[in-house]
Protein chains: 2
Amino acid sequence: MPTSQPIPTLDDVARSAGVSTATVSRCLNTPGQVAKPTMERVMKAVEVLGYTPNFGARSMASKRTHTIGAIIPTMENAIFARGLQAFQEELHKLGYTLLVSSTGYRPEVEEEQVRALVSRGADALLLIGFDRSPETYAYLGKRNVPALVSWAYAPDHSLPSIGFDNRTSMQELAQHVISLGHRDIAVITAVLRGNDRAALRLAGIRDAMEQSGHAFGDLRVIETPYGISHGERALDQLMDGGNRPTVIMCGNDVLAAGALKRAKERGLGVPKDLSITGFDDIELARIVTPALTTVHVPHREMGRKAAQELVSILEKRGAGHSVALETKLMIRDSLSLPSR
Amino acid sequence: MPTSQPIPTLDDVARSAGVSTATVSRCLNTPGQVAKPTMERVMKAVEVLGYTPNFGARSMASKRTHTIGAIIPTMENAIFARGLQAFQEELHKLGYTLLVSSTGYRPEVEEEQVRALVSRGADALLLIGFDRSPETYAYLGKRNVPALVSWAYAPDHSLPSIGFDNRTSMQELAQHVISLGHRDIAVITAVLRGNDRAALRLAGIRDAMEQSGHAFGDLRVIETPYGISHGERALDQLMDGGNRPTVIMCGNDVLAAGALKRAKERGLGVPKDLSITGFDDIELARIVTPALTTVHVPHREMGRKAAQELVSILEKRGAGHSVALETKLMIRDSLSLPSR
DNA sequence: TTGTAGGCGTTATCAG
DNA sequence: CTGATAACGCCTACAA
């Protein structure tokens, strides 16, 4: 039975090393200003007592926490998991800690989460996309919390962003689809409310259609939550109705994978009878058969850059500037000429 | 240009509402003990000033942070992402916040992370598996930090665990494989160092072989990092050598998906020429063609239960008890009788 | 180079 | 039901 030791404090270390608390604090924070022998005595005491500084006290006294908060829709989405992992690794390198919180794609809880992270002392925040309540923006401004938007790019916005242009990226893919001859297009998109990335991708498809000058059947759009099974169901809805599309463009790879799976189960040849496209280029896209034609997004790079920018805003006290990352069309096998 | 307002404190709220700080604190923490009109005045002031309590100060005064830390190998692994998401959702329901940290599968950094989380005031910790340095265990004991192990189950260990028996789960799958007639088995496993889950799964395969009483070719084992591409490479190694296996059992679905992909590229029919099995049953397993025969692990339930147990340990001040979760064999299409 | 002492924003105890 | 007031553990001038 381990004895529940009292947690050692700076004071305990000071006493044990025979110095003042100020000296111990200096050993830990500004090692340069301490004489070597003193330093050694102190570090020894730290070691022996198993001392770890109390974060709350430290942040209260110094007004800085070296903590950065991130609010994402869900970690279960591979793109966020991957970006966040890179974000946290980079943060760690830079001496910061990550505090995560997820909304579960419920935009209405974001403000509460922002407040929670700020109250926990987050020095700055990483947010996904621009679509959020005015109250949240107001709070951020009022508290003067540095914040950076990712997974989106809009240089003229009040918040700096590090990401990519969802609209033109999807537009490029749509142009390619159209150039192949597709005129009956359907879309499976993530839920649009509170999700500007999804909305912009859909807009990109419409842009491409308009600009092509061709005539199209009406664009059927199914809006559905994130998840393979939702992609499967959406495909059924699309194919059970009359006038079937020759191509289904999906808002992300997961929906596309679901649609693809279901299409095959229904005996449809992909891409022979039906073409399907994705977005994101997660590993899943390479693994399914046929491999998904999709848009590659540099999630890891985005996470890394976001961390660097946030820290630079914090330490250089600058305003932060936006960075556009390149996406890339990944031509694979799930898209071909239309079957009819 | 937003004016950078000074951050309001309890004091500001108190002054603005014409009450003492104690009353404001009570309004926020024990609303029952405050008169209605007072309450309203205070909440109004809170609203107007945009007050958010300072976490550091609060935790310092109350000795409790309502924060639980989790240290996982990486969020990029879907099983952890999923479990963690459920963990955080449940925690949120129970009024707690999650602090995450990842080791990137480098066991040597875990102790530092434990200290970091504890110093940040984590009331308790969630850890993955049992394989860690004695120093880490010692620190946990010394500081008396409640900790719970997940993704593993060992009721007789010093730390309570909520998870499943990796060894017998894999053993069951191996028994099934053997019962089908396979005698040339190869294994692709995650790196074993610091990963008892992987080691136990491998042991489970050996158990099944021994207990079957059959004679086997020697068990070739490839140890490789996490990732689809590593699964692909491992398959090449296995199939480029002489005496090819009739089945490859993989330590997780991601490695299996990589192996499967590569096998198909090499023109091998799966399962006709080669059977492949996975472990975890992530969505990927259902999506690939042929669908993976694997072992289903209730990741979400594990995360949820872990959160509940941890909070119960904290609030009932009990020792915590271990819970074994059931895994389930998922018979799908990537495994069949051996081809020879 | 080292020590002293005040203050950071809350909560909790104890009176009223 | 409400108000003083003493911690909580650390940092940082300022002094020595």
Side-chain angles (χ1 to χ4, degrees), chain A residues 5-43 45-46 49-67 115-116 118-123 143, chain B residues 5-43 45-46 49-67 95 97 115-116 118-123 143:
Chain A
Q5 297 196 3
I7 293 161
T9 70
L10 241 207
D11 229 79
D12 299 326
V13 177
R15 206 166 316 135
S16 154
V19 297
S20 74
T21 60
T23 300
V24 179
S25 175
R26 277 190 284 260
C27 286
L28 269 29
N29 300 302
T30 48
Q33 318 178 2
V34 181
K36 220 167 207 146
T38 315
M39 184 74 176
E40 281 166 10
R41 265 211 330 285
V42 171
M43 293 318 267
V46 166
L49 296 177
Y51 169 75
T52 325
N54 176 310
F55 204 81
R58 170 179 279 189
S59 76
M60 222 164 91
S62 71
K63 297 314 223 168
R64 278 291 302 284
T65 63
H66 278 253
T67 295
R115 297 182 103 97
V118 169
S119 105
R120 300 184 69 85
D123 291 334
R143 289 290 291 247
Chain B
Q5 297 197 4
I7 293 161
T9 69
L10 242 208
D11 228 78
D12 299 325
V13 177
R15 206 165 319 134
S16 154
V19 297
S20 75
T21 60
T23 300
V24 179
S25 176
R26 277 190 286 260
C27 286
L28 269 28
N29 301 301
T30 46
Q33 318 179 2
V34 182
K36 234 192 193 120
T38 315
M39 184 72 176
E40 281 167 9
R41 266 212 327 287
V42 171
M43 293 318 268
V46 166
L49 296 177
Y51 168 76
T52 325
N54 177 311
F55 203 81
R58 169 178 278 187
S59 76
M60 224 166 89
S62 69
K63 299 312 236 167
R64 280 291 303 283
T65 62
H66 278 254
T67 295
T97 307
R115 298 183 103 98
V118 169
S119 107
R120 299 182 75 82
D123 291 334
R143 289 291 290 249

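Numbered from 1 within each chain, the chains take letters A, B, ... in sequence-line order.
Counting non-hydrogen atoms under 4.0 angstrom, A:Phe55 reaches nothing in the nucleic acid. Using a 4.0 Å heavy-atom cutoff across all strands shown, B:Leu10 reaches at least one base atom of the nucleic acid. B:Thr38 comes within 4.0 angstrom of sugar-phosphate atoms only, judged by non-hydrogen atoms across all strands, and of no base. At the heavy-atom level, A:Ala35 lies under 4.0 Å from the strands shown only through sugar-phosphate atoms.
Side-chain atoms of A:Asp12 and A:Tyr51, non-hydrogen and from C-beta on, never get closer than 4.5 Å to each other. The side-chain heavy atoms of B:Ser20 and B:Thr23, taken from C-beta on, include a pair separated by under 4.5 Å.
Note: CE (A:Met60) to C1' (D:dA7) measures 11 Å, nearest angstrom. A straight line from CG of A:Asp11 to P of D:dC11 spans 12 Å, rounded to a whole angstrom. One interatomic measurement links the two molecules: CG of A:Leu28 to P of D:dC10, which rounds to 9 Å at whole-angstrom precision. With rounding to whole Å, B:Arg64 atom CZ is found 11 Å from C:dA12 atom P. Residue B:Arg15 contributes atom CZ, which lies 14 Å from atom P of D:dG3 at whole-angstrom precision. B:His66 has its NE2 atom 14 Å from the C1' atom of C:dT10, to the nearest Å.
The side chain of A:Asn54 sits closest to D:dC10 out of D:dA4, D:dC10, C:dG9. Among C:dG3, D:dC10, C:dT11, the nucleotide with an atom closest to any side-chain atom of A:Val19 is C:dG3. Distances were taken from every side-chain heavy atom of A:Ala61 (C-beta onward) to each of C:dT4, C:dT10, D:dC10; the shortest belongs to D:dC10.
In this model, the phosphate group of D:dC11 is not approached by any side-chain N or O of A:Ser62 to a distance below 4.0 Å at OP1 or OP2. Within the 4.0 Å cut-off from OP1 or OP2 of C:dG3, at least one side-chain nitrogen or oxygen of A:Thr23 is found. The shortest distance between the side-chain N/O atoms of B:Asn29 and the OP1/OP2 oxygens of C:dT11 is below 4.0 Å. For the OP1/OP2 pair of D:dG3 and a distance below 4.0 Å, the side-chain nitrogens and oxygens of B:Ser20 include at least one atom meeting the criterion. Considering only side-chain N and O atoms, A:Lys63 lies under 4.0 angstrom from the phosphate OP1 or OP2 of C:dG9.
Remark on DNA chain C: of its neighbouring residues B:Ala57 and B:Arg26, the 5'-side contact belongs to B:Ala57, judged by nearest-heavy-atom nucleotide.
A:Thr21 and A:Leu10 make their closest contact through O-CD1, 3.8 Å (heavy atoms, listed as atom of the first residue, atom of the second, distance). Across every non-hydrogen atom of A:Arg143 and B:Thr52, the tightest pair is NH1-OG1, 3.2 Å. Of all heavy-atom pairs spanning A:Gly18 and A:Arg41, the tightest one is O-NH2, 3.9 Å.
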